[in-house]
Enquirer: 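Encoded as structure tokens, here's the structure I'll be asking about.
For the numbers below, each heavy atom of this structure counts, side chains included, while hydrogens, waters and symmetry mates do not. Convention: sequence-line order gives letters A, B, ...; per-chain numbering from 1.
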There are 2 protein chains.
Amino acid sequence: MPAVINKSFFLHAFGYGVAMALLVLLLRWLEIRFFIFDHTTEIYVGGIALIFTGLGMWLAHQLTRPKEIVVEKITYVEKQEINPLAIETTGLSKRELEILDMMARGMSNQEIGDALFISLSTVKTHVASIFSKLQAVRRTQAVEIAKSLKIIA
Amino acid sequence: MPAVINKSFFLHAFGYGVAMALLVLLLRWLEIRFFIFDHTTEIYVGGIALIFTGLGMWLAHQLTRPKEIVVEKITYVEKQEINPLAIETTGLSKRELEILDMMARGMSNQEIGDALFISLSTVKTHVASIFSKLQAVRRTQAVEIAKSLKIIA
DNA sequence: TAAAAAATCATACTTTGGTATGACTCCCAT
DNA sequence: ATGGGAGTCATACCAAAGTATGATTTTTTA
């Protein structure tokens with residue numbers, strides 16, 4: 001709506017201009033009818049008026065145009081954020097999430113176990129649980145799913 | 001802004017009315033001077049031109065007064081683009097890159113072989129070559145390295 | 001055209017990954 | 001207090017992944 005306001009305003013303003021011109025012409029015409037003046041001068045003057053009105057508008061437009069432009073730059077950076085809601089949905093526990101993250105970094109089960117001071121068996125159990133919850137059958141697949149779900153970065 | 005448009009429009013309309021009245025008076029005055037004091041037509045026309053130029057400029061000014069703000073929204077989206085130069089550096093062949101991409105999508109060696117109509121052995125050979133070139137020892141690691149190098153998306 | 005690089009396949013072997021099952025402890029919530 | 005979830009560990013087995021080596025064919029390139 002606000003976009004067409006100016007347009008309608010312009011139409012109204014133009015309408016006023018036209019109305020004014022018509023009124024002047026009407027007055028002139030009435031005058032002519034009484035005093036029998038030179039028609040050509042009136043028409044000539046009317047044309048001059050119209051032309052210079054347009055010229056004035058164009059001039060003003062040319063003069064004020066650079067001032068009207070306000071540039072607002074908005075920068076959106078798509079972050080690789082995690083989605084806590086998605087984590088809730090999958091039902092992954094804190095430990096599982098931790099191990100999933102380490103898997104995504106290319107660590108082996110043994111390395112994960114060593115880093116977390118837990119046995120390889122435990123890691124395997126967690127991994128199996130992760131696969132189950134993410135409906136994956138391979139760790140690379142689990143990582144891919146997790147990333148697509150924004151569970152991990 | 002849109003709420004005050006109608007109000008300001010009426011003010012403008014009133015302004016137009018006053019302007020019209022003044023204009024008519026001015027024209028009358030010029031006319032009187034033209035006929036009574038017998039000035040040249042050039043002066044009359046020149047006056048008309050000046051007046052209507054001013055009118056046009058005023059009109060244009062009125063039209064552009066609600067300072068139309070041009071909002072230029074520039075959106076930067078950080079794309080996960082691939083870096084061809086990095087691929088060059090690693091020396092990965094076209095086939096290896098293809099297989100690396102499939103690995104990243106969680107596919108097994110067998111699945112990759114089936115998809116590319118090549119044997120499991122060939123896939124393994126390619127995978128081994130990929131690991132060597134990316135200095136990885138596991139596929140999850142290779143994928144992580146490849147992604148960090150922007151070799152794959 | 002000959003050498004190099006890429007792509008293919010195979011066989012044998014080791015390592016890691018993944019599945020299944022069962023069990024133990026701890027915590028907290030009904 | 002007790003059942004259930006979370007975390008832990010183990011054993012056993014099979015599948016998949018990864019390593020090593022060698023070979024053939026195709027394609028590229030110097």
Side-chain angles (χ1 to χ4, degrees), chain A residues 82-149 151-152, chain B residues 82-149 151-152:
Chain A
I82 59 159
N83 183 6
L85 209 77
I87 298 170
E88 289 282 329
T89 309
T90 56
L92 286 165
S93 73
K94 203 176 294 182
R95 199 58 153 174
E96 286 161 356
L97 210 64
E98 198 177 0
I99 289 170
L100 176 59
D101 202 75
M102 296 171 94
M103 276 203 308
R105 285 179 170 72
M107 293 174 75
S108 69
N109 288 338
Q110 188 62 63
E111 285 173 346
I112 293 169
D114 292 345
L116 298 178
F117 302 107
I118 57 178
S119 75
L120 175 61
S121 295
T122 307
V123 178
K124 283 189 174 185
T125 307
H126 283 308
V127 168
S129 179
I130 291 166
F131 291 171
S132 170
K133 288 176 180 177
L134 291 182
Q135 297 180 319
V137 291
R138 269 178 298 281
R139 54 176 48 219
T140 45
Q141 202 179 12
V143 169
E144 178 63 13
I145 291 168
K147 289 200 176 187
S148 70
L149 292 174
I151 287 172
I152 56 172
Chain B
I82 59 159
N83 182 7
L85 209 78
I87 298 170
E88 290 282 329
T89 309
T90 56
L92 285 165
S93 72
K94 202 176 293 183
R95 199 56 153 175
E96 286 162 355
L97 210 64
E98 197 177 0
I99 289 170
L100 176 59
D101 201 74
M102 296 171 94
M103 277 202 307
R105 284 180 171 70
M107 292 175 75
S108 69
N109 288 338
Q110 188 60 62
E111 285 173 348
I112 293 169
D114 291 344
L116 298 179
F117 302 106
I118 57 179
S119 74
L120 175 62
S121 295
T122 307
V123 177
K124 283 187 175 186
T125 307
H126 283 307
V127 169
S129 178
I130 291 167
F131 290 172
S132 170
K133 289 176 180 177
L134 292 182
Q135 297 180 319
V137 291
R138 270 177 299 281
R139 53 175 48 216
T140 44
Q141 202 180 10
V143 169
E144 181 62 14
I145 291 167
K147 288 200 175 188
S148 70
L149 292 175
I151 287 172
I152 55 173

Enquirer: Please check the phosphate of dC9(D) (OP1 and OP2 only) for any side-chain N or O of T122(A) closer than 4.0 Å.
Expert: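 True: T122(A) side-chain N/O within range (under 4.0 Å) of dC9(D) OP1/OP2.
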Enquirer: With a 4.0 Å cut-off on N to O distance, would you call E144(B) and K147(A) a salt bridge?
Expert: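 Result for this pair is yes, salt bridge flagged.
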Enquirer: Rounded to the Å, how far apart are I112(A) CD1 and dG7(D) C1'?
Expert: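 Checked: the CD1 to C1' distance equals 16 Å.
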Enquirer: Nearest whole Å is fine: how far is dG5(D) P from K133(A) NZ?
Expert: 10 Å
Enquirer: Touch check for S93(B), heavy atoms < 4.0 angstrom, all strands: base, sugar-phosphate only, or nothing?
Expert: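 Sugar-phosphate contact only.
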Enquirer: In whole angstroms, how far is the P atom of dA10(C) from the CD atom of Q110(B)?
Expert: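 In whole Å, dA10(C) P and Q110(B) CD are 12 Å from each other.
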Enquirer: Can you check the I99(A) CD1 to dC9(D) C1' distance for me, whole Å?
Expert: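 I99(A) atom CD1 is separated from dC9(D) atom C1' by 13 Å.
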Enquirer: Could you check how far CD of E98(A) sits from P of dA6(D), rounded to whole Å?
Expert: 15 Å
Enquirer: Any idea which of dA6(C), dC9(C), dG17(C) is nearest the R139(A) side chain?
Expert: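 Among dA6(C), dC9(C), dG17(C), the one nearest the side chain of R139(A) is dG17(C).
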Enquirer: Given atom NZ of K124(A) and atom P of dG7(D), what is their separation to the nearest angstrom?
Expert: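 That distance rounds to 20 Å.
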Enquirer: Just compare dT16(C), dA17(D), dC9(C) and give me whichever is closest to any side-chain atom of R138(A).
Expert: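 Selected nucleotide: dA17(D).
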Enquirer: What is the distance from CG of L100(B) to P of dG18(D), rounded to the nearest Å?
Expert: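 The answer, rounded to whole Å, is 12 Å.
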Enquirer: If the test is side-chain contact (heavy atoms from CB on, under 4.5 Å), which one of V143(A), N83(A), L134(A) qualifies with I151(A)?
Expert: L134(A)
Enquirer: What is the distance from CG of L97(A) to P of dG7(D), rounded to the nearest Å?
Expert: 10 Å
Enquirer: Which nucleotide wins on minimum distance to the side chain of R95(A), given the candidates dG18(C), dC9(C), dG7(D)?
Expert: dG7(D)
Enquirer: Distance check, rounded to the nearest 0.5 Å: I87(A) atom CD1 versus K94(A) atom NZ?
Expert: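 Going from the CD1 atom of I87(A) to the NZ atom of K94(A) covers 11.5 Å.
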Enquirer: When all nucleic acid strands are considered with a 4.0 Å heavy-atom cut-off, which category describes T125(A): base, sugar-phosphate, or nothing?
Expert: base
Enquirer: Between dC9(D), dA7(C), dG7(D), spot the one nearest the side chain of H126(B), thanks.
Expert: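 That would be dA7(C).
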Enquirer: Out of dA17(D), dT19(D), dG7(D), which has the shortest distance to the side chain of F131(B)?
Expert: dT19(D)
Enquirer: Do any side-chain nitrogens or oxygens of S119(A) fall under 4.0 Å of OP1 or OP2 in dA10(D)?
Expert: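 Yes.
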Enquirer: Out of dG18(D), dA10(D), dC9(C), which has the shortest distance to the side chain of N109(B)?
Expert: dG18(D)
Enquirer: More 5' along DNA chain C: S108(A) or F117(B), using each one's nearest nucleotide?
Expert: F117(B)
Enquirer: Is there a side-chain contact (heavy atoms from CB on, under 4.5 Å) between I152(A) and M103(A)? Walk through the geometry before answering.
Expert: CA-CA 11 Å; I152(A) 56 172; M103(A) 276 203 308; over 6 Å; no
Enquirer: Looking at every non-hydrogen atom in both residues, tell me the closest pair between E96(A) and S129(A) and how far apart they are.
Expert: OE2-OG, 2.6 Å
